[in-house]
Amino acid sequence: MSGSLFEFLCRMGDNTLILGHRISEWCGHGPALEEDIALANIALDLIGQTQMWLGLAAEAEGAGRSADDLAMLRDAWDFRNALLVEQPNGDFGRTMMRQYLFDQFHLLQLQALCDSSNQQVADIAAKAVKEVTYHLERSAEVVVALGDGSAESHDRMQAALDWAWPYVGELFASDDVDQAMAEAAIAPRPDSLRDAYDLAVADVLARATLKRPEGNFAHSGGKSGFRHSEHLGHLLAQMQWMQRAYPGAEW
C-alpha cells in the first residue's frame, strides 16, 4: 500500500508541478497585464499544491527525501505527470485550452478526494479545491470568450481543442495504483469521473461554439512513467539546472 500511495501522491504533485512550471513561462509575456498576473497567480497556486503533495509523498516513501528532492532531483522517467500538462504552451489559446481541460478534471478529482479515508489527503484536497474552483471558472470563461469571439479566435480555439483532446483520455486511465487507492477509499478510480467530466466539457464547448473531436484515441504513458514526450526533458533541464549545478545550494 505504501508503494501505491507514493505513486499516487507523485502523480498528484507532478501534475501540479509541471503544469505550474509551464504556466510560469508566461510571466512577463502575457497578452495583457491582467492575464499575465492571473497566470502567475495560478502557477503559484499549483506550485503551492505541489509542495503539499510531494511533501506527503516523501513522508509516505520514508526514504529521507523531501518535496524539493522529488521535484529537483528526479529524472524524466521518474515523473508521473500526465502527458497533457507537459505539452508546450503554444499561443495563448492553446495554453488556456490545455488549462481548461485539466482544470475540469482536477476539480472533480479534488472534490472526490475531500472524502478520502486518508485525512492528510483530504486536508490537502480541501485546501486545493478552493483554488482550483477559481482556476476552472477562469479558464472556462476564457475558452468561451475566445471560442465564441472573432473568426480567428474561434479557429485558434478549435485548433487548440483538436490538438489537446488526444491527451485527455490518459487523465481517466485507471491502473493497479488507482485500484489500490480506490480499495483503500483514499482516492476514486479516475475512470469513475469521466461521465461528469464529459457533461461539463460538453456544456462549455457548446457555449464556446466549439466541436469536440471525434474518435477515442488517447496518448498514454505519462502517469506510469513509461513514456513521456520529449518536451518534459527540456522542461526539467530548465527547471532543475540550478539545483543540479549547485547541489544543496541555499539562499
Side-chain angles (χ1 to χ4, degrees), residues 2-27 39 42-90 94-95 97-99 101-103 105-106 109 163-178 180-181 187 190 217-249:
S2 61
S4 294
L5 179 60
F6 174 72
E7 286 284 316
F8 166 73
L9 294 170
C10 282
R11 291 175 180 182
M12 296 298 298
D14 290 349
N15 276 337
T16 53
L17 173 63
I18 300 305
L19 184 58
H21 183 83
R22 272 288 181 239
I23 299 171
S24 75
E25 293 173 348
W26 275 100
C27 188
L39 287 168
I42 291 170
L44 287 172
D45 286 344
L46 292 172
I47 298 303
Q49 293 169 27
T50 298
Q51 182 71 40
M52 293 186 289
W53 288 123
L54 293 187
L56 187 56
E59 182 181 322
E61 182 187 36
R65 292 197 288 182
S66 67
D68 286 344
D69 293 331
L70 293 176
M72 298 300 176
L73 298 177
R74 283 181 297 158
D75 291 312
W77 50 81
D78 292 321
F79 275 75
R80 298 295 183 262
N81 58 279
L83 294 171
L84 175 65
V85 300
E86 70 191 44
Q87 300 309 305
N89 289 327
R94 180 176 285 194
T95 289
M97 181 59 72
R98 181 192 61 198
Q99 187 68 34
L101 294 174
F102 181 76
D103 287 343
F105 165 77
H106 199 196
Q109 184 184 44
W163 162 79
W165 191 255
Y167 294 100
V168 168
E170 184 188 18
L171 299 173
F172 301 95
S174 297
D175 58 14
D176 291 345
V177 171
D178 298 309
M181 293 298 96
F217 173 76
H219 294 288
S220 63
K223 63 184 290 184
S224 67
F226 175 71
R227 182 188 297 109
H228 283 286
S229 68
E230 68 274 19
H231 307 297
L232 180 63
H234 293 294
L235 182 152
L236 293 179
Q238 182 184 59
M239 187 181 79
Q240 297 178 338
W241 80 268
M242 179 70 79
Q243 181 60 241
R244 299 281 191 167
Y246 304 99

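Owing to the predicted nature of the structure, the values given are computational and were not obtained by experimental measurement. These values consider heavy atoms only, across backbone and side chains, with no hydrogens, waters or symmetry-generated copies.
Judged purely by atom type and a 3.5 angstrom limit, S24 has no side-chain atom pairing as donor or acceptor with the backbone of A43. Within the 3.5 Å criterion, the main-chain N or O of G222 finds no donor-acceptor partner in the side chain of R227. No donor-acceptor pair closer than 3.5 Å links the side chain of R65 to the backbone N or O of D69. For the pair D14 (side chain) and R80 (backbone), a donor-acceptor distance under 3.5 Å is present. Here the side chain of Q243 pairs a donor or acceptor atom with the backbone of G248 at under 3.5 angstrom. The backbone N or O of L83 sits less than 3.5 Å from a side-chain atom of Q87, completing a donor-acceptor pair.
Annotation: side chain to side chain donor-acceptor pair (under 3.5 Å) contacts of E86 (sequence neighbours excluded): N81, H228, S229. Residues passing the salt bridge (Lys or Arg N to Asp or Glu O under 4.0 Å) test with R98: none are found, sequence neighbours excluded. By the ring pair (Phe, Tyr, Trp, His ring centres under 6.0 Å) test, H234 pairs with no residue at all, sequence neighbours left out. Not a single salt bridge (Lys or Arg N to Asp or Glu O under 4.0 Å) links E170 to another residue, sequence neighbours left out. For S174, the side-chain contact (heavy atoms from CB on, under 4.5 Å) test picks out D178, R189, P190, D191, with sequence neighbours left out. Partners of Y246 under the ring pair (Phe, Tyr, Trp, His ring centres under 6.0 Å) rule, at least two apart in sequence or in another chain, do not exist in this structure. With sequence neighbours left out, the side chain to side chain donor-acceptor pair (under 3.5 Å) criterion links N15 to no other residue. Partners of D75 by salt bridge (Lys or Arg N to Asp or Glu O under 4.0 Å), not counting sequence neighbours, listed by chain and number: R244. In this view, Q51 and A67, D68 satisfy the side-chain contact (heavy atoms from CB on, under 4.5 Å) rule, not counting sequence neighbours. Applying the salt bridge (Lys or Arg N to Asp or Glu O under 4.0 Å) criterion to E59, with sequence neighbours excluded, gives no partner residue. In this structure, F8 has no ring pair (Phe, Tyr, Trp, His ring centres under 6.0 Å) partners at least two apart in sequence or on a different chain. Residues forming a ring pair (Phe, Tyr, Trp, His ring centres under 6.0 Å) with W165 (at least two apart in sequence, or on another chain): none.
Residues A71 and L17 share a closest heavy-atom pair of CB-CD2, 3.8 Å. Of all heavy-atom pairs between K223 and L171, the closest is NZ-O, 4.3 Å. Between T95 and G90, the shortest heavy-atom distance links the atoms OG1-O, 4.5 Å. In terms of heavy atoms, A218 sits closest to G169 at CB-CA, 3.8 Å. The nearest pair of heavy atoms linking L70 to L54 is CD1-O, 3.5 Å. Counting all heavy atoms, side chain and backbone alike, I47 lies closest to H21 at CD1-N, 4.3 Å.
Taking CD1 from I42 and CH2 from W26, the interatomic distance works out to 13.0 Å, rounded to the nearest 0.5 Å. Note that the CG atom of N89 and the CG atom of L39 stand 8.5 Å from one another [nearest 0.5 Å]. Taking SG of C10 as the start and CD of E61 as the end, the distance is 7.5 Å to the nearest 0.5 Å. Between L19 atom CG and D45 atom CG the span is 11.5 Å, to the nearest 0.5 Å.
Proximity of R11 to W53: side-chain heavy atoms (C-beta onward) are nowhere separated by under 4.5 Å. Using a 4.5 Å heavy-atom cutoff, the side chains of M12 and Q109 are in contact.
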Go through it in stages, so that I can follow the logic: the residues are Q240 and L73, the test is side-chain contact (heavy atoms from CB on, under 4.5 Å), and I'd like the CA-CA distance, side-chain angles, deciding distance and then a yes or no. CA-CA 7 Å; Q240 297 178 338; L73 298 177; over 6 Å; no
Assess the residue pair R22 and H231 against the criterion (side-chain contact (heavy atoms from CB on, under 4.5 Å)); give the C-alpha distance rounded to whole Å, side-chain angles, the decisive distance to 0.1 Å, and a yes or no. CA-CA 11 Å; R22 272 288 181 239; H231 307 297; 3.6 Å; yes
Between F172 and F105, is a side-chain contact (heavy atoms from CB on, under 4.5 Å) present by the stated rule, with each step listed? CA-CA 9 Å; F172 301 95; F105 165 77; 3.7 Å; yes
Using the side-chain contact (heavy atoms from CB on, under 4.5 Å) rule, take E7 and M181 through it: C-alpha gap first, then chi angles, then the decisive distance, then the call. CA-CA 10 Å; E7 286 284 316; M181 293 298 96; over 6 Å; no
